[in-house]
Chemist: 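Just passing along the structure, written as structure tokens.
This chain uses plain numbering: 1 for the first residue, then up along the sequence.
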Amino acid sequence: MQSFYPLKFRPILKEKIWGGTKLKSVLNKPSVSENTGESWEISDVEGDTSIIDNGEFSGKSLSWLLNNFSHEILGEKNAVIFGTKFPLLIKFIDAKEDLSIQLHPNDELAAKRHNSFGKTEMWYVMQADENANLIVGFNQNMTPETYLRHLQSKTLTKILNFELVKTGDTFFIEVGRVHAIGAGVMLAEIQQTSDITYRVYDWDRVDDQGNERELHNDLAIDAINFKMENNYKVSYSKQLNTSNEMVTCPYFTTNYIDLAGEIEKHNNLDSFIIYLCVEGVFTIKVGSNMTRVKQGETILLPAAIKTYQLSSSEAKLLEVYV
């Protein structure tokens, strides 16, 4: 009988016009660039499938793993729903400069236009420079006509909601919500498996060849949620050594664990569990297997593992499952 263990993956690094060096200097990613914007930690996006980096399955891809052990990895109900596809994409993001103003389509539009899932996501701020901010939603109720007028006159920022941020701030980005990560922010992103983004404004910047990046305003206009809402910032408790709920939505649940000592965990969820170490170092013990996880590392616990221990002198984790 196959025995399963906590899985680490090789980071998939993405160069971005807005990227920086924090993923290397703070999270110890193997970057050789000055413009690394993203580290894809667990990915089943076509063309960017994660490779296992530890244990018996080292060198095998996530897609190979799911083709051979979908029920044991995903859980019974998830294997029925998702087959041999992994439903989440986990990233760390470093914005040295402002990202483009963008949004993501819902499941229905994404399926019809791109044969893809939609892209509901959440952000957990791991580090923010002084006065760094995020753009999340509008600062007033908007109509398509008013929005387009601001877009065409390059005054879009007048109608957008800017949020100053600090470590630990958490935001839920529903489909259709206009958003952007601001310069000086490093964060963890948890999202549906999708790489579909509609870029609506990119600050008029150009690449090394003098070219502007493609915008998607024709596609975006009927995907935008024009309502002004204030339900995007997540408040959550930080009780020690327990799973504190942050976000629960149809696509994933994320909890916050402030870990100091040892806790016994039992997986009764019929789901895999992902742990992102956002601060400190912790150990996960499964039987006699001990896996050390440090800040900036992500671990996938197969659904077949039912009992395990988490221990640390001091660490902060995000716990994610479907």
Side-chain angles (χ1 to χ4, degrees), residues 2-16 19 23-24 27-33 35-94 104-105 107 110-111 113-123 187-197 251-252 254 271-277 284 291 293 296-305 318-322:
Q2 179 67 55
S3 61
F4 293 92
Y5 60 94
L7 298 162
K8 287 186 177 183
F9 296 89
R10 298 172 192 167
I12 301 169
L13 301 180
K14 298 285 186 177
E15 304 306 296
K16 299 290 183 180
L23 296 179
K24 180 180 182 180
L27 301 187
N28 204 34
K29 299 299 173 185
S31 167
V32 294
S33 162
N35 300 101
T36 303
E38 299 182 348
S39 177
W40 290 20
E41 296 292 297
I42 303 179
S43 168
D44 197 26
V45 173
E46 190 173 348
D48 280 303
T49 301
S50 292
I51 303 297
I52 299 166
D53 201 33
N54 68 325
E56 178 188 345
F57 298 132
S58 184
K60 302 285 191 184
S61 70
L62 178 58
S63 58
W64 175 89
L65 190 71
L66 294 175
N67 278 316
N68 286 276
F69 303 108
S70 63
H71 289 256
E72 294 91 338
I73 301 300
L74 297 177
E76 297 297 330
K77 74 176 190 301
N78 289 333
V80 170
I81 296 168
F82 300 108
T84 59
K85 294 299 291 178
F86 197 73
L88 299 181
L89 173 57
I90 308 295
K91 302 178 183 177
F92 294 120
I93 298 176
D94 169 28
H104 308 298
D107 285 343
R113 293 174 173 176
H114 313 286
N115 190 30
S116 171
F117 293 119
K119 194 174 174 185
T120 298
E121 63 189 23
M122 66 163 282
W123 294 334
L187 54 77
E189 181 174 88
I190 295 150
Q191 58 165 91
Q192 291 173 269
T193 291
S194 169
D195 200 28
I196 307 300
T197 294
Y251 307 105
F252 56 83
T254 301
S271 171
F272 60 89
I273 302 176
I274 295 168
Y275 287 103
L276 295 81
C277 186
I284 181 165
T291 306
V293 188
E297 290 189 323
T298 303
I299 202 131
L300 172 62
L301 204 65
I305 296 173
L318 303 185
E319 176 183 66
V320 185
Y321 49 85
V322 171

Chemist: How many angstroms lie between CD1 in I90 and OH in Y275, if you round to the nearest 0.5 Å?
Modeler: 13.0 Å
Chemist: Can you say whether the rings of F57 and F69 are parallel (under 30°), tilted (30 to 60°) or perpendicular (over 60°)?
Modeler: tilted
Chemist: Treating S50 as the side-chain partner and S43 as the backbone partner, does any N or O pair qualify as donor plus acceptor under 3.5 Å?
Modeler: yes
Chemist: Heavy atoms only: give me the nearest P87-V322 pair and the separation to one decimal.
Modeler: CG-CG2, 4.1 Å
Chemist: Any side-chain donor-acceptor pair under 3.5 Å between S63 and S61?
Modeler: yes
Chemist: Distance check, rounded to the nearest 0.5 Å: L7 atom CG versus I299 atom CD1?
Modeler: 7.5 Å
Chemist: Under 6.0 Å between ring centres: does that hold for F272 and F86?
Modeler: yes
Chemist: Scan I273, T291, I305 and name whichever one has a side-chain contact (heavy atoms from CB on, under 4.5 Å) with I284.
Modeler: T291
Chemist: For the side chain of S116 and the backbone of A110, is there at least one donor-acceptor N/O pair under 3.5 Å apart?
Modeler: no
Chemist: For residues T197 and H104, determine if any side-chain heavy atom of one lies less than 4.5 Å from a side-chain heavy atom of the other.
Modeler: yes
Chemist: What's the shortest heavy-atom distance between L318 and A188, and which atoms?
Modeler: CD1-CB, 4.3 Å
Chemist: Say whether, by atom type as modelled, one donor and one acceptor occur between the side chain of N54 and the main chain of P6 under 3.5 angstrom.
Modeler: yes
Chemist: For the atom pair CG (L23) and OG (S31), what is the distance rounded to the nearest 0.5 Å?
Modeler: 7.5 Å
Chemist: Take K85 and E46 through the test salt bridge (charged side-chain N to carboxylate O under 4.0 Å, His left out) and record every step on the way to the result.
Modeler: CA-CA 10 Å; K85 294 299 291 178; E46 190 173 348; over 6 Å; no
Chemist: If you look at every heavy atom in G37 and K16, which pair is closest and at what distance?
Modeler: CA-CG, 3.9 Å
Chemist: Can a salt bridge be assigned to the pair E38 and K14 using a cut-off of 4.0 Å between side-chain N and carboxylate O?
Modeler: no
Chemist: Indicate yes or no for a side-chain donor-acceptor contact from K60 to the backbone of I52 under 3.5 Å, with no hydrogens or angles considered.
Modeler: no
Chemist: Please name the pair of heavy atoms, one in L74 and one in G83, separated by the smallest distance, quoted to 0.1 Å.
Modeler: CD1-O, 3.5 Å
Chemist: Quick one: pull up OH in Y321 and CD1 in I274 and give me the separation to the nearest 0.5 Å.
Modeler: 12.5 Å
Chemist: Taking Y5 for the side chain and E56 for the main chain, is one N or O donor matched with an acceptor at less than 3.5 Å?
Modeler: yes
Chemist: Side chains of I73 and F4: does their closest heavy-atom pair fall under 4.5 Å?
Modeler: yes
Chemist: From F252 CZ over to I190 CD1, what is the distance, rounded to the nearest 0.5 angstrom?
Modeler: 6.5 Å
Chemist: Do we see a donor-acceptor contact under 3.5 Å between the side chains of D107 and Q192?
Modeler: yes
Chemist: Hey, are the side chains of E41 and L276 touching, using non-hydrogen atoms and a 4.5 Å cut-off?
Modeler: no
Chemist: Got a salt bridge between D53 and R10, using NZ or NE/NH1/NH2 to carboxylate O under 4.0 Å?
Modeler: yes
Chemist: Should F82 and L66 be marked as a side chain to side chain contact (heavy atoms under 4.5 Å, CB included) after you check the CA-CA gap, both sets of side-chain angles, and the distance that decides it?
Modeler: CA-CA 10 Å; F82 300 108; L66 294 175; over 6 Å; no
Chemist: Does S271 reach the main-chain N or O of G75 with its side chain, forming a donor-acceptor pair under 3.5 Å?
Modeler: no
Chemist: Taking the side chain as every heavy atom from C-beta outward, state whether T49 and W64 have any pair of such atoms under 4.5 Å apart.
Modeler: no
Chemist: About how many Å separate CG of D48 and CG of L62, when rounded to the nearest 0.5 Å?
Modeler: 12.0 Å
Chemist: Can you tell me if T36 uses its side chain to pair, donor with acceptor, with the backbone of E15 under 3.5 Å?
Modeler: no
Chemist: Indicate yes or no: at least one non-hydrogen side-chain atom of V45 is less than 4.5 angstrom from one of W40.
Modeler: yes
Chemist: Could you tell me if the side chain of L88 sits less than 4.5 Å from the side chain of I42, heavy atoms only?
Modeler: no
